[in-house]
Protein chains: 2
Amino acid sequence: MVTTTARDSDLASALVQTMHRLQDLHAETSRPLGLTPQQAHLLCVLITGPLGMTELSRILSIERSSLTSMVDRLERRDLVARVANPADRRACRIELTAAGKDLAHQCHDAVVDRIQEMTADLPASARGTLITALQSILTR
Amino acid sequence: MVTTTARDSDLASALVQTMHRLQDLHAETSRPLGLTPQQAHLLCVLITGPLGMTELSRILSIERSSLTSMVDRLERRDLVARVANPADRRACRIELTAAGKDLAHQCHDAVVDRIQEMTADLPASARGTLITALQSILTR
DNA sequence: TATTGTTATACTCTATAACTATA
DNA sequence: TATAGTTATAGAGTATAACAATA
């Protein structure tokens with residue numbers, strides 16, 4: 001058998017706890033802006049530009065049919081718009097409206113600010129190691 | 001103004017991406033076990049022992065009324081049980097049944113295994129730094 | 001035929017407000 | 001009065017299956 005040290009599960013456990021803590025933080029920052037965490041995520045993903053339904057559903061890890069109703073609700077609130085795709089008449093592109101763009105940036109900034117507060121007193125060296133380690137984890 | 005280096009938002013961004021990756025992983029491991037991620041979380045929280053509704057709702061960051069229906073569904077499936085609390089007749093304790101305990105451990109192990117795979121080739125030094133850094137973040 | 005997106009349907013998750021029973 | 005938990009209600013998130021339109 002492969003030797004398993006206490007550290008292995010410590011790390012897994014710390015990562016799981018961090019995930020839950022960040023999920024809570026995400027919910028707490030979305031709510032005062034009138035958004036569910038899922039809506040906030042959707043808006044933030046669109047900051048870098050419009051996306052088709054299929055691509056968006058892949059990024060958010062939800063079925064296209066689930067996405068349809070989410071986009072319906074956000075469109076009713078004029079936060080996103082379905083725009084025709086001239087290159088493919090089946091497809092559409094979801095893009096942020098001006099109000100949606102504003103809200104997306106508020107969300108994004110609020111989360112980043114809170115995380116920066118939480119990580120403020122990490123030494124620069126730990127910070128560097130952390131970024132590298134997380135990026136390495138994300139590729140697997 | 002306080003100087004903000006590129007690294008600050010890199011770290012925040014890496015943490016947010018890690019959160020989403022772990023959320024997906026959590027969903028992927030719960031599903032084949034017939035559980036939603038929220039149900040899996042609830043069961044895993046009970047591994048260390050029974051809890052009252054109020055305490056459980058605090059840990060899961062959901063309203064007590066939302067918890068009531070979650071527990072209803074899990075109780076119908078014989079995964080948890082409401083047990084009377086002799087010390088306070090208003091209160092009850094939610095505990096895992098034998099089947100619930102089994103499933104909770106399967107969930108927990110599956111997630112830990114996947115995370116250990118993802119972190120397997122981190123050098124021991126990075127691993128140590130990562131644990132310390134995450135624990136420090138979690139206290140803020 | 002395959003792909004894009006939607007509709008219909010059924011559950012689950014979640015919050016708010018009002019409530020019962022007990023402390 | 002305060003606390004533990006529930007009920008009623010409404011809205012949001014999600015998946016599956018079946019579908020229309022276009023590629």
Side-chain angles (χ1 to χ4, degrees), chain A residues 20 23-24 26-46 50-77 79-95 103, chain B residues 20 23-24 26-46 50-77 79-95 103:
Chain A
H20 286 129
Q23 264 181 267
D24 288 351
H26 189 226
E28 287 159 18
T29 53
S30 314
R31 205 166 189 345
L33 296 173
L35 297 172
T36 64
Q38 293 89 344
Q39 289 173 333
H41 190 191
L42 194 160
L43 295 185
C44 286
V45 161
L46 292 177
L51 292 170
M53 292 293 283
T54 299
E55 200 170 2
L56 195 46
S57 75
R58 191 183 47 71
I59 294 173
L60 299 178
S61 303
I62 59 175
E63 292 297 319
R64 281 173 306 164
S65 59
S66 308
L67 184 56
T68 294
S69 44
M70 284 193 69
V71 169
D72 286 347
R73 285 185 285 272
L74 292 171
E75 196 172 31
R76 253 180 261 133
R77 290 167 64 182
L79 296 174
V80 304
R82 284 175 166 94
V83 178
N85 181 344
D88 184 342
R89 286 191 348 207
R90 293 171 305 182
C92 64
R93 293 159 93 57
I94 313 302
E95 65 176 32
L103 206 47
Chain B
H20 286 130
Q23 265 181 268
D24 288 352
H26 189 226
E28 286 159 18
T29 54
S30 315
R31 203 161 185 353
L33 296 173
L35 297 171
T36 65
Q38 294 89 344
Q39 290 172 332
H41 191 191
L42 193 160
L43 295 185
C44 286
V45 161
L46 292 177
L51 292 170
M53 293 294 284
T54 299
E55 200 171 1
L56 195 47
S57 75
R58 191 183 46 71
I59 293 173
L60 299 178
S61 303
I62 59 175
E63 292 297 321
R64 281 173 306 164
S65 60
S66 307
L67 184 56
T68 294
S69 44
M70 283 193 70
V71 170
D72 286 347
R73 285 184 285 272
L74 292 171
E75 197 172 30
R76 253 179 262 134
R77 290 167 64 181
L79 296 174
V80 304
R82 285 175 167 93
V83 178
N85 181 345
D88 184 342
R89 286 191 347 207
R90 295 170 303 180
C92 64
R93 292 156 94 55
I94 313 302
E95 66 176 30
L103 206 48

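Naming: A, B, ... by sequence-line order, numbering from 1 per chain.
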Chemist: Can you name the residues that form a side-chain contact (heavy atoms from CB on, under 4.5 Å) with His20(A), not counting sequence neighbours?
Modeler: Val16(A), Gln23(A), His41(B)
Chemist: So where does chain B start and stop touching DNA chain C, 5' to 3', when the test is distance under 4.0 Å to a non-hydrogen atom?
Modeler: dT12(C) to dA23(C)
Chemist: Measure CG/Leu60(A) against C1'/dG13(D) and give the value in whole Å, please.
Modeler: 12 Å
Chemist: Rounded to the nearest 0.5 Å, what separates atom CG in Leu60(A) from atom CG in Leu42(A)?
Modeler: 5.0 Å
Chemist: To the nearest Å, give me how far apart CG (Leu67(B)) and P (dT7(D)) are.
Modeler: 13 Å
Chemist: Name the nucleic acid region contacted by Arg82(B), choosing base, sugar-phosphate or nothing; use a 4.0 angstrom heavy-atom cut-off, strictly under.
Modeler: sugar-phosphate
Chemist: For Met53(B) and dT7(D), give me the distance from atom CE to atom C1', rounded to whole Å.
Modeler: 12 Å
Chemist: To the nearest 0.5 Å, how far apart are CG in Leu67(A) and OG in Ser61(A)?
Modeler: 11.5 Å
Chemist: Arg77(B): which residues meet the side-chain contact (heavy atoms from CB on, under 4.5 Å) condition with it, sequence neighbours left out?
Modeler: Leu35(B), Gln39(B), Leu79(B)
Chemist: CD of Gln39(B) versus C1' of dT14(D): gap in Å, rounded?
Modeler: 13 Å
Chemist: Looking at residues at least two apart in the chain, or sitting in another chain, which of them share a side-chain contact (heavy atoms from CB on, under 4.5 Å) with Arg64(B)?
Modeler: Thr54(B), Ser57(B)
Chemist: Please figure out whether Leu51(B) or Pro37(A) has its closest DNA chain D nucleotide nearer the 5' end.
Modeler: Leu51(B)
Chemist: Any chance you could list the contact pattern along nucleotides 15-23 of chain D? Use B for base contacts, S for sugar-phosphate-only contacts and - for none, protein heavy atoms under 4.0 Å, 5' to 3'.
Modeler: BBB---BBS
Chemist: Who are the salt bridge (Lys or Arg N to Asp or Glu O under 4.0 Å) partners of Glu75(B), not counting sequence neighbours?
Modeler: Arg82(B)
Chemist: List in chain and number order the residues that pass side chain to side chain donor-acceptor pair (under 3.5 Å) with Ser69(A), two or more places apart in sequence or in another chain; answer none if no residue qualifies.
Modeler: none
Chemist: With Ser66(A), which residues qualify under side chain to side chain donor-acceptor pair (under 3.5 Å), at least two apart?
Modeler: none
Chemist: Which residues satisfy the side chain to side chain donor-acceptor pair (under 3.5 Å) test with Asn85(A), sequence neighbours excluded?
Modeler: none
Chemist: Determine the stems involving DNA chain D; a stem requires 3 or more consecutive pairs of the Watson-Crick or G-U wobble kind, each with both distances below 3.5 Å, and the answer is none if no such run exists.
Modeler: C:1-23 with D:1-23
Chemist: Just to verify, what does Glu95(B) make a salt bridge (Lys or Arg N to Asp or Glu O under 4.0 Å) with, not counting sequence neighbours?
Modeler: none
Chemist: In whole Å, what is the span from the CG atom of Leu56(B) to the C1' atom of dT6(D)?
Modeler: 15 Å
Chemist: With heavy atoms under 4.0 Å as the rule, sort Thr68(B) into base, sugar-phosphate or nothing.
Modeler: base
Chemist: Output all residues satisfying salt bridge (Lys or Arg N to Asp or Glu O under 4.0 Å) with Asp88(A), sequence neighbours left out; order by chain, then residue number.
Modeler: Arg90(A)
Chemist: Take atom CE of Met70(A) and atom C1' of dT14(D), then tell me their distance rounded to the nearest Å.
Modeler: 10 Å
